[in-house]
Amino acid sequence: MTTATEFAPGLTLRGIAAPLSLSQFKLIAFDMDSTLINIECVDEIADAAGRKAEVAAITEAAMRGEIADYKESLRQRVALLKGVSVNHMQQVLTDRLRLNPGAADLVKACKVAGMKVLLVSGGFTYFTDHVRDLLGIDWTRSNVLEVADGLLTGRMVDQAWGDICDGEEKRKTLLETCQQMGISPHQAIAMGDGANDLPMMGEAGLSVAYHAKPKVREQAMVAIDEGGLDRLLEVVRP
């Protein structure tokens, strides 16, 4: 494995020489939960059902790469959300969901540089749509929670592209978006914090770990361990 070097306090590089230029990239792909935003939405929804500890333990294990079948782990967690109201999800969105520091600045810098922005999440459209509108993101892919009579059923809804946005779906979406844009995956940046982000990070020309799990930090070209998302701009200059 390539040796990591400290570029600046809390900012580690692996296998690249900085600074790079934003102009060499055309697309940036973000994970959402614990990357663009400060929470794991599934854990916070579970709080309403009194099941946060149980759900958060599965989330943590999945993000660390200790659960082989991500889809099954998400189905298990969503099943535990049965009966939670849409009103509670709105409360999570209003009271608990915040953009992580530097998110708006980084997205803005990328857009100014002419880049497109993709959000791929193992989370839910209820939250990705909000973040998309907040940041002016071009494309999103995430999971749909099934709702009946204003309550979660404990299931997800299949979509045209498939059933669940897991690591493989994130990878596929990144590659499809690059193809759609007529660019090479090497012209893409992929940024995440959990094991299910590794497949797309492995395809991108630049992989960035943000306050990430050890397994992810060890494989990323850039690891931001202190400070906000906009610290990437110290490495990839506008």
Side-chain angles (χ1 to χ4, degrees), residues 28-60 62-63 70-71 73-108 110-111 117-159 161 163-166 169-170 173 191-194 196-197 200 210-213 228-230:
I28 186 163
F30 290 100
D31 166 53
M32 181 177 72
D33 294 42
S34 298
T35 300
L36 266 186
I37 64 171
N38 64 324
I39 57 171
E40 292 286 338
C41 293
V42 68
D43 297 357
E44 300 307 319
I45 300 167
D47 204 14
R51 292 175 174 152
K52 184 173 181 178
E54 195 178 342
V55 169
I58 304 172
T59 301
E60 175 70 12
M63 293 303 100
Y70 177 85
K71 287 189 178 187
S73 87
L74 188 60
R75 286 192 191 99
Q76 282 174 16
R77 285 175 283 164
V78 169
L80 293 168
L81 305 180
K82 185 177 179 179
V84 173
S85 70
V86 172
N87 287 344
H88 179 76
M89 291 209 295
Q90 180 60 47
Q91 215 176 327
V92 169
L93 198 153
T94 307
D95 299 346
R96 303 189 189 187
L97 187 151
R98 298 288 178 266
L99 292 176
N100 269 330
D105 290 338
L106 177 56
V107 169
K108 185 179 177 185
C110 290
K111 289 170 80 93
V117 185
L118 170 68
L119 174 56
V120 274
S121 173
F124 311 113
T125 51
Y126 191 89
F127 302 99
T128 54
D129 288 357
H130 171 76
V131 173
R132 175 198 65 199
D133 296 347
L134 209 54
L135 292 172
I137 288 170
D138 298 288
W139 302 290
T140 65
R141 180 158 294 183
S142 57
N143 304 303
V144 177
L145 290 168
E146 186 180 70
V147 176
D149 302 321
L151 301 176
L152 297 183
T153 65
R155 292 187 297 271
M156 286 170 283
V157 180
D158 288 359
Q159 296 176 74
W161 47 262
D163 56 354
I164 288 175
C165 186
D166 61 352
E169 187 60 40
K170 288 185 177 197
T173 305
M191 199 163 189
D193 73 295
N196 65 331
D197 298 314
M200 73 165 178
Y210 179 71
H211 294 254
K213 300 292 181 263
L229 288 150
D230 55 339

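One-based numbering along the sequence shown. On a predicted model such as this, the values are computed, not experimentally measured, just so you know.
- The two residues L97 and C41 have their closest heavy-atom pair at CD1-SG, 4.2 Å.
- Side-chain contact between I45 and F127 is present, with heavy atoms from C-beta onward closer than 4.5 Å.
- At a threshold of 4.5 Å between non-hydrogen side-chain atoms, the residues D31 and D193 count as touching.
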L118/T173 under side chain to side chain contact (heavy atoms under 4.5 Å, CB included): CA gap, chis, key distance, verdict: CA-CA 9 Å; L118 170 68; T173 305; 4.1 Å; yes
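- Considering only heavy atoms from C-beta on, R77 comes within 4.5 Å of T59 through its side chain.
- Between the CG atom of L152 and the CZ atom of F124 there is a distance of 8.5 Å, given to the nearest 0.5 Å.
- With no hydrogens or angles considered, a side-chain donor-acceptor pair links S34 and E40 at under 3.5 Å.
- Side-chain contact check for I37 versus V131: some heavy-atom pair is nearer than 4.5 Å.
- Between the side chain of N100 and the main chain of A103, no donor-acceptor pair closer than 3.5 Å is present.
- For the residue pair W161 and S142, the shortest heavy atom distance occurs at CZ2-O, 3.3 Å.
- Considering only heavy atoms from C-beta on, L36 comes within 4.5 Å of I137 through its side chain.
- Under the 4.5 Å side-chain criterion, counting only non-hydrogen atoms from C-beta, M156 is in contact with L74.
- Separation of atoms CZ (R75) and CD1 (I58) is listed at 13.5 Å; rounding is to 0.5 Å.
- A donor-acceptor contact shorter than 3.5 Å links the side chain of K111 to the backbone of G136.
- With no hydrogens or angles considered, no side-chain donor-acceptor pair links R141 and S121 at under 3.5 Å.
- At most 12 heavy atoms of other shown residues, nucleotides or ligands fall within 6.0 angstrom of atom NZ in K108.
- To the nearest 0.5 Å, atom CD1 of residue I164 and atom CG of residue D158 are 8.0 Å apart.
- With respect to the salt-bridge test (charged N to carboxylate O, under 4.0 angstrom), the residues R96 and D47 qualify.
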For L93 and Y126, run side chain to side chain contact (heavy atoms under 4.5 Å, CB included): C-alpha distance rounded to whole Å, both residues' side-chain angles, the deciding distance at 0.1 Å, then the answer. CA-CA 9 Å; L93 198 153; Y126 191 89; 3.8 Å; yes
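- D133 CG: more than 12 foreign heavy atoms inside a 6.0 Å radius.
- R132 has a carboxylate O that lies under 4.0 Å from a charged side-chain N of D129, or vice versa, which qualifies the two as a salt bridge.
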Walk me through it: do V78 and L145 pass the test side chain to side chain contact (heavy atoms under 4.5 Å, CB included)? CA-CA 8 Å; V78 169; L145 290 168; 3.8 Å; yes
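- Rounding to the nearest 0.5 angstrom, the gap separating the CG atom in L135 from the SG atom in C110 is 11.0 Å.
- Between R51 and D43, no side-chain nitrogen of the basic residue sits less than 4.0 Å from a carboxylate oxygen of the acidic one, so the salt-bridge criterion is not met.
- Side-chain contact check for V42 versus D33: every heavy-atom pair is 4.5 Å or farther apart.
- For K213 and E60, the salt-bridge test passes: some basic side-chain N is under 4.0 Å from an acidic carboxylate O.
- Between A48 and V84, the shortest heavy-atom distance links the atoms CB-CG1, 4.0 Å.
- Considering every non-hydrogen atom in both N196 and M63, the closest pair reads OD1-CE, 3.5 Å.
- Of all non-hydrogen atoms in D163 and K71, the two that sit nearest each other are OD1-NZ, 2.8 Å.
- Looking only at side-chain heavy atoms (C-beta outward), V120 and T128 stay at 4.5 Å or farther from each other.
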Can you check side chain to side chain contact (heavy atoms under 4.5 Å, CB included) on L229 and Y210, steps first, answer last? CA-CA 7 Å; L229 288 150; Y210 179 71; 3.7 Å; yes
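- Atom CG of residue L106 and atom CG of residue L99 lie 11.5 Å apart, to the nearest 0.5 angstrom.
- We find the CZ-CG distance between R98 and L134 to be 10.5 Å, quoted to the nearest 0.5 Å.
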